[in-house]
Amino acid sequence: MVENTDVMKLSNELTYQRYLFNREHIKDIFMKMSIPEYIALHHIVMEEENADIYSGRTYLKDLSDKLQMTMRQTSKMIEHLRDKGYVVWSHDGNGSEGTYVTITESGRTLLREQEEAMKRYYGKVFDKFGKENLIQLLQLMKQLETIMSSEIESLEVDADGCGTDEFGADE
């Protein structure tokens, strides 16, 4: 078992490193779009290539699940991408059967430009860090994320059952 002082030190360092990585390193690579927008466009293209069943459509619900965002947040992001001409937002029937997006040629161009910037940057980083180190890091990050998600879920269940909020205070 990890001691409380170690838990605090390690959690502070993990939080700080995640903050630095997301703030300092990524912002220089993603100049024309946000990370969620990139993931959304990438996912739309992957769905288009892999799913014959929906004729290139990516349903907002699937996108929301993939990004682990609320439907409201996803809708707002898609509205922004639509307004810039990167996606077309449509619906089946009267809309009650689901809304979906498809990528435009402008969206494909933006995605390709972003992928090229990432290849240039990460190619150099991976050469210096090493492929095996990267694979190991990604595996460990996935394990950590799984455990962290599980703990968040258990906190939410505890909070629902005990009448406390996520910080342990009475509601």
Side-chain angles (χ1 to χ4, degrees), residues 1-30 33-54 57-78 80-81 87 98-101 103 111 114-115 117-171:
M1 184 83 175
V2 181
E3 291 184 33
N4 282 339
T5 54
D6 289 339
V7 169
M8 208 56 242
K9 287 178 186 177
L10 291 171
S11 61
N12 284 337
E13 185 62 22
L14 178 60
T15 301
Y16 180 64
Q17 289 302 320
R18 286 183 70 176
Y19 165 77
L20 286 179
F21 188 79
N22 288 330
R23 185 171 185 273
E24 295 301 321
H25 301 291
I26 297 298
K27 73 177 184 180
D28 294 332
I29 301 165
F30 286 88
M33 72 173 87
S34 69
I35 294 171
E37 289 171 337
Y38 169 77
I39 293 169
L41 291 178
H42 179 75
H43 183 70
I44 292 166
V45 168
M46 291 295 99
E47 285 296 304
E48 183 179 85
E49 291 174 1
N50 297 328
D52 297 332
I53 199 167
Y54 295 126
R57 299 174 180 175
T58 300
Y59 284 85
L60 232 53
K61 173 72 172 109
D62 296 335
L63 203 51
S64 176
D65 291 344
K66 175 72 175 178
L67 292 167
Q68 298 180 3
M69 292 169 61
T70 65
M71 281 297 287
R72 181 176 169 86
Q73 292 168 321
T74 304
S75 296
K76 189 172 181 174
M77 179 187 63
I78 291 301
H80 178 75
L81 290 170
V87 297
T99 62
Y100 62 87
V101 291
I103 192 165
L111 183 62
Q114 183 58 59
E115 288 172 339
M118 290 171 58
K119 278 189 231 174
R120 282 190 305 273
Y121 173 75
Y122 283 120
K124 294 174 186 175
V125 170
F126 298 161
D127 283 345
K128 292 177 181 175
F129 189 66
K131 181 179 176 181
E132 292 305 316
N133 283 341
L134 178 65
I135 291 170
Q136 184 179 13
L137 176 62
L138 291 172
Q139 290 169 340
L140 290 170
M141 288 172 70
K142 184 155 182 79
Q143 287 175 0
L144 180 61
E145 179 59 34
T146 300
I147 292 167
M148 290 171 70
S149 293
S150 173
E151 288 301 313
I152 289 291
E153 287 174 15
S154 71
L155 286 174
E156 291 168 354
V157 168
D158 289 347
D160 289 342
C162 298
T164 58
D165 65 15
E166 66 271 21
F167 303 108
D170 290 336
E171 294 182 306

field: Worked verdict on K61 versus T99 for side-chain contact (heavy atoms from CB on, under 4.5 Å)
entry: CA-CA 8 Å; K61 173 72 172 109; T99 62; over 6 Å; no
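Residue L60 comes nearest to I78 through the heavy atom pair CD1-CG1, 3.7 Å, listed as atom of the first residue, atom of the second, then distance. When all heavy atoms of M33 and F30 are compared, the pair lying nearest together is O-CB, 3.3 Å. Heavy atoms only, all atoms of each residue included: F129 and L134 are closest at CE2-N, 3.5 Å. Across all their heavy atoms, M69 and P36 have their closest contact at SD-CB, 4.4 Å. Across I29 and Q114, no two heavy atoms sit closer than the pair O-NE2, 3.1 Å.
Residues L67 and Q73 form no side-chain contact, since every pair of their non-hydrogen atoms from C-beta on lies 4.5 Å or further apart. Residues T58 and E48 have side chains not in contact (no heavy-atom distance under 4.5 Å, counting atoms from C-beta outward). You'll find the side chain of L41 reaches within 4.5 Å of the side chain of V87, heavy atoms only.
Residues that satisfy the ring pair (Phe, Tyr, Trp, His ring centres under 6.0 Å) test with H80, not counting sequence neighbours, are absent from this structure. Here N133 pairs with nothing under the side chain to side chain donor-acceptor pair (under 3.5 Å) rule; sequence neighbours left out.
To the nearest 0.5 angstrom, H43 atom NE2 is 9.5 Å from N50 atom CG. Rounding to the nearest 0.5 Å places CZ of F126 at 10.0 Å from CD1 of I135. To the nearest 0.5 Å, the span separating CD on E47 from NE2 on H42 amounts to 10.5 Å. Summarising the geometry, atom CE belonging to M71 is positioned 9.0 Å from atom CG belonging to L63; distances are rounded to the nearest 0.5 Å. With rounding to the nearest 0.5 Å, the separation of CZ in R72 from OG1 in T74 is 12.0 Å. In this structure, the separation between CD1 on I147 and CD1 on I152 is 13.0 Å, given to the nearest 0.5 Å.
A salt bridge does not link D62 with K66: none of the charged nitrogens is closer than 4.0 Å to a carboxylate oxygen.
Side-chain contact, E145 with S149: a donor N or O sits under 3.5 Å from an acceptor N or O.
Within a 6.0 Å sphere centred on CD of E115, heavy atoms belonging to other residues, nucleotides or ligands number more than 12. Other residues, nucleotides and ligands place no more than 12 heavy atoms under 6.0 Å from the CD atom of Q68.
A donor-acceptor distance shorter than 3.5 angstrom exists from the side chain of T146 to the backbone of K142, with no hydrogens or angles considered.
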